[in-house]
Colleague: 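Let me give you the structure first, and then I'll get to my questions.
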There are 2 protein chains.
Amino acid sequence: MAAVKISMIEDNNVIRKNVMKFVARHEEFEVMEVFASMESFLHHLNVHPDFSVDILLLDIGLPGLSGIEGIPLIKEKLPNTDIIMLTTYEEEHMILKAICSGACSYLSKKSSLDEIVEAIRVVANGGSYMSPSIAREIVQYLMGGKLQKTTILTERQKEILNGLVDGKTYKAIGKDLYISQHTVKCHIKKLYQVLQVNNKAEAIAMYLRGEIE
Amino acid sequence: MAAVKISMIEDNNVIRKNVMKFVARHEEFEVMEVFASMESFLHHLNVHPDFSVDILLLDIGLPGLSGIEGIPLIKEKLPNTDIIMLTTYEEEHMILKAICSGACSYLSKKSSLDEIVEAIRVVANGGSYMSPSIAREIVQYLMGGKLQKTTILTERQKEILNGLVDGKTYKAIGKDLYISQHTVKCHIKKLYQVLQVNNKAEAIAMYLRGEIE
DNA sequence: TCTCCTATAACCCGATTGGGTTGTTTTGCT
DNA sequence: AGCAAAACAACCCAATCGGGTTATAGGAGA
């Protein structure tokens with residue numbers, strides 16, 4: 001198998017050089033150009049349209065265009081490049097945003113060089129590496145306090161809520177459930193009381209955020 | 001620190017004995033009673049209300065009450081026990097269901113004994129261990145085909161959409177952004193065209209399902 | 001049996017929304 | 001400099017929504 005091509009975007013010179021030097025010692029990896037900013041990387045992509053890498057190590061806290069903001073731009077040009085985020089900021093929303101944007105792995109900068117290389121190997125083999133603390137946060141998010149939130153809604157209310165989420169009008173929901181639109185409205189009024197919201201938008205948001213049922 | 005108390009629910013005698021024998025060799029772990037079915041475990045909990053473990057290895061494909069179905073029941077009695085799922089079924093929905101139910105780690109049965117012990121250590125330290133292939137699936141789920149959907153919305157439209165998602169009226173959004181409600185409506189009209197929806201509900205649903213930005 | 005709750009249905013009324021048109025101004029790109 | 005796009009603003013109008021009240025029928029539980 002050909003060597004796995006690696007690149008890195010990291011503004012801290014010391015970290016960038018150390019990591020890439022260590023990676024380069026492993027002969028299954030081929031270290032490509034590295035960059036100190038998202039802008040310089042994107043510029044390089046424009047100037048060299050043929051440039052590609054298999055795995056990109058990406059700092060989340062870059063000055064200027066941040067790592068997260070850059071992910072979609074990178075994926076646009078290099079859809080087959082796997083991105084490993086490197087970061088000191090382990091805040092939940094950052095992590096989720098990065099993963100949702102297309103990063104496939106997430107490493108704390110506290111990780112050892114060996115751990116970084118291990119992560120690269122995992123990703124090269126089609127897996128996804130997560131630092132334990134980060135995995136834990138993702139799990140927390142997925143669970144989303146969903147425990148012990150055993151349905152407060154009646155069956156009918158759930159059916160109606162589903163209609164709302166689908167963007168249906170009262171009339172359409174009534175038609176679906178073979179009841180009048182008046183009745184639909186009546187259910188919805190009670191629904192709002194139970195959920196402590198005042199309109200469709202909030203009810204839908206609550207439902208889709210998984211805070212119900 | 002006291003030994004970490006470990007138990008296991010697994011119907012396959014060979015696997016159960018091998019794993020627990022290996023775990024027992026590590027003196028930081030204390031192997032407790034093990035069980036061949038969810039029912040016998042739950043029964044044990046009822047008979048011995050003081051029984052507790054720190055970490056429970058749980059087979060997902062148990063006969064009778066499955067591992068996933070049992071998680072909420074276990075969590076009810078032992079809220080502080082961390083659950084590590086062991087499984088051959090790596091299907092996405094199984095994994096997500098297990099995690100959403102309260103499992104904190106997920107191991108493929110292909111994992112080596114060393115990997116299992118490593119996972120236990122990680123969990124005992126408050127982390128969460130994921131097999132690379134499973135981490136990948138979770139990442140896939142979180143990304144949800146969201147790639148190459150590089151923002152179609154303008155900055156202004158995003159701000160407005162955020163207002164909608166928060167359940168605000170046009171008027172309130174206008175106030176927030178220092179523009180008139182007419183203008184807000186105008187933006188929303190264009191927004192709907194771009195997203196190909198006809199009302200707030202669908203736009204919010206699209207946003208919260210992560211199909212935007 | 002007699003409540004309590006849910007589901008059903010209807011009415012009124014004001015506020016909000018969605019869709020249409022028509023503009024001016026600013027901004028970005030060529 | 002000039003064009004296109006986006007942001008801004010206002011008008012009309014019909015449909016929808018949110019909140020209030022009132023009322024009947026059926027099922028669960030005290």
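Letters A, B, ... mirror the listed sequences (proteins, then strands); counts begin at 1. Heavy atoms only: backbone and side chains are in, while hydrogens, waters and symmetry mates are out.
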Colleague: Could you list where the contact with chain B starts and ends along DNA chain D, reading 5' to 3', using a 4.0 Å heavy-atom cut-off?
Modeller: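 Endpoints of the contacted stretch of DNA chain D: D:dA6 to D:dC12.
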Colleague: List in numerical order all residues of residues 171-191 of chain A for which some heavy atom is under 4.0 Å away from an atom belonging to DNA chain D.
Modeller: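 Correct list: A:Lys171, A:Lys185, A:Lys189.
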Colleague: Look only at the side chain of A:Asp11 and the backbone of A:Ser37, and say whether a donor-acceptor pair between them is shorter than 3.5 Å.
Modeller: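 Here the side-chain-to-backbone pair does not exist.
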Colleague: Kindly write out the residues that satisfy salt bridge (Lys or Arg N to Asp or Glu O under 4.0 Å) with A:Glu27, not counting sequence neighbours, or none if the list is empty.
Modeller: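 So A:Glu27 forms no salt bridge (Lys or Arg N to Asp or Glu O under 4.0 Å) with any residue.
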Colleague: Mind listing the N/O atom pairs, protein and nucleotides 24-30 of chain C, below 3.5 Å?
Modeller:
none

Colleague: Is there any salt bridge (Lys or Arg N to Asp or Glu O under 4.0 Å) pair reaching into residues 188-205 of chain A, and which pairs are they, with sequence neighbours excluded?
Modeller: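 Qualifying pairs: none.
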Colleague: How would you list, by chain and number, every residue that makes a ring pair (Phe, Tyr, Trp, His ring centres under 6.0 Å) with A:Phe35, sequence neighbours excluded?
Modeller: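 Counting only residues at least two positions away or on another chain, A:Phe35 forms a ring pair (Phe, Tyr, Trp, His ring centres under 6.0 Å) with A:Phe41, A:His44.
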Colleague: Please name all residues satisfying side-chain hydrogen bond (donor to acceptor under 3.5 Å, both in side chains) with A:Asn162, sequence neighbours left out, ordered by chain then number.
Modeller: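 Once residues adjacent in sequence are excluded, the partners of A:Asn162 under the side-chain hydrogen bond (donor to acceptor under 3.5 Å, both in side chains) criterion are A:Tyr207.
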Colleague: Please tell me if B:Asn198 has a side-chain N or O lying less than 4.0 Å from either OP1 or OP2 of C:dG19.
Modeller: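 The answer is yes; a side-chain N or O of B:Asn198 sits under 4.0 Å from OP1 or OP2.
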Colleague: Measuring from A:Ile71:CD1 to A:Met38:CE, what's the distance to the nearest 0.5 Å?
Modeller: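 These two atoms lie 7.5 Å from each other.
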Colleague: Under 3.5 Å, which donor-acceptor pairs do the side chains of residues 170-180 of chain A form with other protein atoms, sequence neighbours left out?
Modeller:
from     : atom 1 : to       : atom 2 : distance (Å)
A:Asp176 : OD2    : A:Lys168 : NZ     : 2.9
A:Ser180 : OG     : A:His182 : N      : 3.3
A:Ser180 : OG     : A:Thr183 : N      : 3.2
A:Ser180 : OG     : A:Thr183 : OG1    : 3.1

Colleague: Going by salt bridge (Lys or Arg N to Asp or Glu O under 4.0 Å), name the residues that satisfy it together with A:Asp54, two or more places apart in sequence or in a different chain.
Modeller: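 By the salt bridge (Lys or Arg N to Asp or Glu O under 4.0 Å) rule, A:Asp54 matches no residue at all.
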Colleague: Quick one: does B:Ser7's side chain have a donor or acceptor within less than 3.5 Å of a partner on B:Val53's backbone?
Modeller: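 No; zero donor-acceptor contacts below 3.5 Å.
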Colleague: My understanding is that only residues two or more places apart in sequence, or in another chain, count here; which of them pass salt bridge (Lys or Arg N to Asp or Glu O under 4.0 Å) with B:Arg16?
Modeller: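 Counting only residues at least two positions away or on another chain, B:Arg16 forms no salt bridge (Lys or Arg N to Asp or Glu O under 4.0 Å).
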Colleague: What is the separation between atom CD on B:Gln193 and atom P on C:dG19, rounded to the nearest whole Å?
Modeller: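 Rounded to the whole Å, the gap is 9 Å.
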Colleague: B:Tyr192 side chain N/O closer than 4.0 Å to the phosphate oxygens (OP1, OP2) of C:dG18?
Modeller: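 Yes, because at least one side-chain N or O of B:Tyr192 sits under 4.0 Å from OP1 or OP2 of C:dG18.
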Colleague: Checking B:Ser105 side chain against B:Ile84 main chain: does a donor-acceptor pair fall under 3.5 Å?
Modeller: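 Answer holds: no.
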Colleague: In whole Å, I'd like the distance from the NZ atom of A:Lys200 to the P atom of C:dT17.
Modeller: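 Interatomic distance, NZ of A:Lys200 to P of C:dT17: 10 Å.
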Colleague: Can you give me the bend angle of the helix from C:dT1-D:dA30 to C:dT30-D:dA1? Use the axis through the first five pairs and the one through the last five, nearest 10 degrees.
Modeller: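 The helix from C:dT1-D:dA30 to C:dT30-D:dA1 shows an end-to-end axis angle of 60°.
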Colleague: Just jot down the salt bridge (Lys or Arg N to Asp or Glu O under 4.0 Å) partners of A:Glu159, sequence neighbours excluded, or say none.
Modeller: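 Here the qualifying residues are A:Arg156.
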Colleague: Measure the distance from CD on B:Glu202 to C1' on C:dG18 and round it to the nearest whole Å.
Modeller: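 After rounding, the gap between these two atoms is 12 Å.
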Colleague: Step by step, work out the side chain to side chain contact (heavy atoms under 4.5 Å, CB included) result for A:Met206 and A:Val197.
Modeller: CA-CA 9 Å; A:Met206 190 175 279; A:Val197 298; 4.0 Å; yes
